[in-house]
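I have placed the structure first, in the form of structure tokens, so that the comments after it can refer back to it.
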Amino acid sequence: MRPDTPAENVDHNAEAARLERTADRYPEDAEALLLQAAAHLELAGDRPAASSLYDRLLAAQEGLDHPFLVRALKAANLWEYGHEAEARAIIEGVRVAAPRDPAPWVIVAEALESHDELEQAQETFTEGARVLLTDVPEPPYSTHPLLFGRHRVRRMLGLAHDDWDVLADTLHSSPVSLDELHDPKRVWSLGSENPAELEAEISRLRAELGTFRAALSRPFPVAVLHWSAGELAELVSAYPSLSSEYPSHEEHLATIEASLRELSASGTANLGIVSGTVPSYEAFAASEGMSPAEVSLLPQYATTLAARGRAVEWPPQRGAACWCGSGRVYGECHGE
């Protein structure tokens with residue numbers, strides 16, 4: 001299903017069931033698939049069933065790539081159908097854990113915001129920004145919603161701009177400024193009989209819709225394919241013609257970092273890395289009716305892995321391990 005498919009044209013229960021069946025067939029992608037299924041169940045109004053899927057994922061927490069994201073989504077869902085106390089407890093647990101992923105921060109803060117807990121929402125957005133953006137020269141693409149949400153709530157609270165609000169304004173690319181989009185007085189203009197006020201509000205809504213569509217058009221990162229040393233050795237041994245693409249593992253790693261830095265310098269946002277395995281690659285080649293020895297198949301494989309939620313954000317958050325698997329901090333490894 002395309003992300004911009006009109007809601008009235010989607011059978012959310014059927015889509016959730018399809019995604020669950022797919023997760024059973026591809027357990028390595030179960031986390032991403034079941035999260036999508038849970039979202040469809042929420043849209044269908046079956047919030048208890050969505051909570052069951054979140055519980056199913058959390059029961060296998062050891063294998064989860066994003067456990068705090070699942071917890072945050074569960075909390076937001078629980079609150080929507082009357083389980084406020086449990087939701088608050090989970091939200092507090094997420095905040096205390098201080099995850100290095102911006103998505104859980106945004107979800108729990110927006111849950112607080114949607115239930116008029118504006119002070120708590122502002123504090124949560126700020127905590128997330130402090131954890132992820134302190135001493136970070138350029139905020140990663142994934143942290144932009146954190147800054148935008150913080151700006152919105154602070155405007156609703158009537159707080160003066162600080163440095164992070166100014167940064168949010170700078171990052172915002174819509175022709176309508178964040179200050180205007182987040183103006184608390186906008187709600188009154190919707191009931192106005194003044195044509196000029198209504199026309200101005202329509203312009204703001206169009207700008208918001210354009211920003212939303214732009215985000216939908218980038219549902220997963222621009223991803224570069226990475227092979228571990230063992231997988232690359234197996235790949236080149238099985239398909240010697242690929243040795244021209246991968247002369248050595250060291251050169252492969254250096255090329256990945258150089259390519260991502262070049263993309264970033266050119267203005268490309270939302271960059272990531274996906275790690276391939278030979279069995280997965282061979283299965284993908286078979287599904288495409290092509291030989292794994294075809295060099296042109298490699299970027300298609302990377303895109304497919306990214307679309308299945310396998311991408312890791314680049315550059316890693318401050319203090320995080322390097323993407324190459326060395327075990328060293330990124331800033332002391334390929335981030336030097």
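Hydrogens, waters and symmetry mates play no part in the numbers below; they use all other heavy atoms, side chains included.
- With values rounded to the nearest 0.5 angstrom, Thr143 atom OG1 is found 4.5 Å from Leu133 atom CG.
- One finds the SG atom of Cys322 at 11.0 Å from the CH2 atom of Trp314 (value rounded to the nearest 0.5 Å).
- Exactly one of His115, Gln120, Glu117, His83 qualifies for a side-chain hydrogen bond (donor to acceptor under 3.5 Å, both in side chains) with Arg88. That residue is Glu117.
- Of all non-hydrogen atoms in Val274 and Ala223, the two that sit nearest each other are CG1-CB, 4.0 Å.
- One finds no salt bridge joining Asp11 and Arg18 here, because no Lys/Arg side-chain nitrogen approaches an Asp/Glu carboxylate oxygen to under 4.0 Å.
- Side-chain contact, Glu257 with Tyr330: a donor N or O sits under 3.5 Å from an acceptor N or O.
- For Phe68 and His66, the ring centers are positioned 6.0 Å apart or more.
- Aromatic ring orientation, His252 versus His226: parallel (interplanar angle below 30°, classes split at 30° and 60°).
- Ion pairing between a basic and an acidic side chain is recognised when a charged N comes within 4.0 Å of a carboxylate O; Asp24 and Arg56 show such pairing.
- Between Arg152 and Glu110 a salt bridge is recorded (basic side-chain N to carboxylate O distance below 4.0 Å).
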Test ring pair (Phe, Tyr, Trp, His ring centres under 6.0 Å) on His172 and His144 and set out the steps. CA-CA 8 Å; His172 181 66; His144 292 188; over 10 Å; no
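- Ring pair Trp227/Tyr301 is parallel by interplanar angle, where below 30° counts as parallel and above 60° as perpendicular.
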